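Residue numbers begin at 1 in each chain, while the letters A, B, ... track the order of the sequences. Because the structure is predicted, anything quoted here is derived from the model rather than measured.
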There are 2 protein chains.
Amino acid sequence: MTDTAPRQKRPPTIHDVAAHAGVSRGTVSRVLQGGHNVSPASHQAVDAAIRKLGYVVNRAARSLVTRRAGSVAFLLSETHERLFQDPNLATLLRGCTTALAAHDIPLVLIAAGTEAERRRIAPYLAAHQVDGVLLFTSHRGTPMIELLQQAELPFVCCGKPHDQAGAVSYVVADDREGARTMMRHLIDSGRRRIATIAGPADGPGGLERLHGYREMLAEHGIRYNKSLVATGDYSRASGESCMRELLARVPDLDAVFVASDLMAEGALSAIERAGLSVPGDIAVGSFDDSPVATATNPPLTTMRQPWQRISDMMVRQLLAQIEGDGPASVILPTELVVRESA
Amino acid sequence: MTDTAPRQKRPPTIHDVAAHAGVSRGTVSRVLQGGHNVSPASHQAVDAAIRKLGYVVNRAARSLVTRRAGSVAFLLSETHERLFQDPNLATLLRGCTTALAAHDIPLVLIAAGTEAERRRIAPYLAAHQVDGVLLFTSHRGTPMIELLQQAELPFVCCGKPHDQAGAVSYVVADDREGARTMMRHLIDSGRRRIATIAGPADGPGGLERLHGYREMLAEHGIRYNKSLVATGDYSRASGESCMRELLARVPDLDAVFVASDLMAEGALSAIERAGLSVPGDIAVGSFDDSPVATATNPPLTTMRQPWQRISDMMVRQLLAQIEGDGPASVILPTELVVRESA
DNA sequence: CTGAAAGCGCTTACAG
DNA sequence: CTGAAAGCGCTTACAG
């Protein structure tokens with residue numbers, strides 16, 4: 001067992017490539033930067049040398065001179081429970097990793113769920129150890145935002161942050177329009193006593209989806225009834241208890257618009273337990289089109305969130321800001337996916 | 001809008017700290033490395049200067065000379081579906097991030113779910129852009145392992161990899177002993193026609209938990225009955241269908257050992273749908289003690305996986321290997337958590 | 001289009 | 001215990 005074993009065969013450097021290609025190191029570097037101001041012949045020679053030697057740029061060396069970390073952070077400003085429950089977060093994480101990989105930019109995961117963690121990462125961020133930050137917003141997101149602004153670090157939120165001073169970049173699905181679309185679908189199929197299980201008001205999409213619900217009711221001359229509204233926390237369990245509550249309050253409701261698939265799964269259970277059928281007695285429309293949507297019985301009619309596009313846009317916006325662009329907000333449409341529950 | 005805005009106020013360097021403290025840069029560096037061979041007076045002066053200036057080490061510069069990336073990768077060698085479904089993966093990811101943060105080591109997330117992705121990251125890994133890798137193993141893990149071995153990059157697996165040539169570091173929960181404990185609990189409470197819903201044979205813990213099930217049956221003189229065994233894929237839906245199948249085959253079974261909480265949640269639905277009660281008619285014991293375990297009705301009696309310890313040990317093993325240690329395997333005990341389902 | 005050279009911010013023998 | 005100095009592997013004006 002050789003301890004502290006030194007790596008013998010040092011990886012090739014730009015110097016080796018230059019020697020192999022018969023050019024200067026400057027020229028190799030220029031090829032690495034995109035090949036501007038390089039003759040085709042030199043370009044080819046360098047490319048060949050790179051391939052031959054299996055050269056990979058040393059990021060630390062590059063980073064030192066460019067003053068760019070060359071990486072981007074994904075801030076987990078969520079508690080563990082939330083992290084576990086939210087299938088969308090996993091999807092987003094995956095999507096961002098992939099989108100960044102296309103630009104050859106590593107994604108650094110940073111935990112910022114507790115106050116202690118936030119204190120710890122503040123200097124890291126302030127020192128620009130990453131070039132930018134992807135932020136999964138929530139009610140807990142706000143303290144992070146201030147920190148990032150002070151650090152003058154580019155960032156983009158997933159979801160619109162609340163009570164935010166100044167212009168902040170974010171990417172969201174069109175929650176209100178999505179809610180309206182689902183409500184239209186429910187109303188068009190003849191439902192009139194439509195309940196809703198909303199998400200927390202300070203959470204992503206919570207208020208907007210509720211607004212969409214109320215707007216559509218109003219536009220169809222259906223009176224808004226407070227008893228038909230319950231608020232969950234996006235968990236399956238909360239969906240189930242909310243549904244039970246709604247059923248107790250308004251036994252003859254004929255539809256429910258649920259703000260997430262996970263809660264809808266819970267609602268389905270409560271409805272079944274009450275001896276009612278879906279969609280026969282009650283139509284269930286939900287939001288997300290996460291993998292659970294097809295695992296339930298019956299499969300869920302739901303609004304598809306464009307997660308792929310959301311990740312892509314978040315990454316694109318962030319990279320643009322790193323290049324000097326100002327903040328921007330992007331709103332992406334959702335899509336009605338009709339299955340069997342409504 | 002200043003584009004490509006240069007950061008004006010450059011962050012302080014070791015040079016500034018040295019000037020402030022009235023010592024040489026070498027001495028500052030020594031303090032940064034732990035303060036060996038530094039007089040208490042110098043040490044204090046440097047500490048004060050660091051605090052005063054808000055100095056944070058430039059990792060790129062350090063990395064360039066130490067020839068260490070200073071970061072560690074978490075390889076997501078999973079498909080998206082799997083990633084979404086597995087609450088344990090999120091827990092593990094969180095745990096590893098936190099454990100590494102204590103050592104001031106950033107965790108880089110790398111997607112290696114597809115063949116294309118694996119091809120892409122191979123040079124990155126071979127060039128040692130990270131110092132080591134945390135690997136969430138599965139049947140798909142094997143190609144990654146070979147790649148890592150060729151790159152001579154330290155790595156540790158979560159779960160014991162299958163068909164692996166050579167010594168490989170891994171950390172696992174004691175799946176077999178955990179299964180035995182749960183089975184003992186079921187048998188001690190008088191159950192005799194005990195079914196099981198196993199995980200995939202090539203997945204983490206799949207076979208081991210099934211072995212534990214069979215062993216315990218044998219040790220209590222209960223005959224093994226193939227009809228009492230079903231194999232799911234760790235998803236809620238598969239748990240439900242497996243349970244339905246088992247009930248159809250052996251209507252009078254009086255207990256079921258399910259290899260994950262998520263599948264147990266599905267099993268619970270199937271049992272309820274069959275008009276049977278838990279634990280009255282059928283006792284349900286599961287595995288994980290993930291957040292779902294307390295969200296079901298009734299709450300699950302389950303084997304707690306020591307995720308916190310698993311993450312900690314994975315990180316510890318990896319850091320030791322980076323320092324030159326040889327590979328090692330760690331097996332951690334699970335713990336029976338009795339709730340209401342058994 | 002190209003090369004020579006300076007410099008990014010650290011660490012680490014080497015002398016003392 | 002400490003300082004001066006070399007060097008890690010790149011990029012980027014600067015001349016030509």
request  = Run the salt-bridge test on B:E323 and B:R316 with the 4.0 Å N-O cut-off and return the result as yes or no.
outcome  = no
In numerical order, the residues of residues 52-59 of chain A whose heavy atoms come under 4.0 Å of DNA chain C are none
Salt bridge A:E117-A:R120, side-chain N to carboxylate O under 4.0 Å: no
Stems with DNA chain C, 3 or more Watson-Crick or G-U pairs in a row (under 3.5 Å), are C:1-3 with D:14-16, C:5-12 with D:5-12, C:14-16 with D:1-3
* To do: Could you tell me whether a side-chain N or O of B:Q317 sits under 3.5 Å from a main-chain N or O of B:V156, the two making a donor and an acceptor?
  => no
In numerical order, the residues of residues 27-50 of chain B whose heavy atoms come under 4.0 Å of DNA chain C are B:S29, B:R30, B:L32, B:Q33
OG of B:S329 to CE of B:M313, rounded to nearest 0.5 Å, is 10.5 Å
Inter-nucleotide P distance (D:dA6, D:dT2), Å rounded = 22 Å
**Prompt:** Is the closest basic N to carboxylate O distance between A:R67 and A:D131 below 4.0 Å?
**Reply:** no
Separation between CG (A:D312) and CG (A:L100), nearest 0.5 Å, reads 10.0 Å
In short, A:A111 meets B:R94 closest at the heavy-atom pair CB-NH1, 3.1 Å
Practice item. Ignoring hydrogens and angles, tell me if any N or O in the side chain of B:T97 forms a donor-acceptor pair with the backbone of A:I110 under 3.5 Å. Key: no
With a 4.0 Å cut-off (strictly under) to non-hydrogen atoms of chain B, the first and last hit nts on DNA chain C, 5' to 3', are C:dG9 to C:dA13
Would you tabulate the side-chain donor-acceptor contacts of residues 38-48 of chain B under 3.5 Å, counting partners in other chains and residues two or more places apart, or write 'none'?
unit_1 : atom_1 : unit_2 : atom_2 : d
B:S39  : OG     : B:S42  : N      : 3.2
B:S39  : OG     : B:S42  : OG     : 3.0
B:H43  : ND1    : B:D47  : OD2    : 3.1

What donor-acceptor contacts under 3.5 angstrom involve side-chain atoms of residues 28-35 of chain A, with partners at least two apart or in another chain?
unit_1 : atom_1 : unit_2 : atom_2 : d
A:R30  : NH1    : A:T27  : OG1    : 3.4

Next on the checklist: For A:A112, is there any backbone N or O sitting under 3.5 Å from a side-chain donor or acceptor partner on A:R118?
Outcome noted: yes
*Hey, are B:R10 and B:D16 close enough for a salt bridge, meaning a charged N less than 4.0 Å from a carboxylate O?*
no
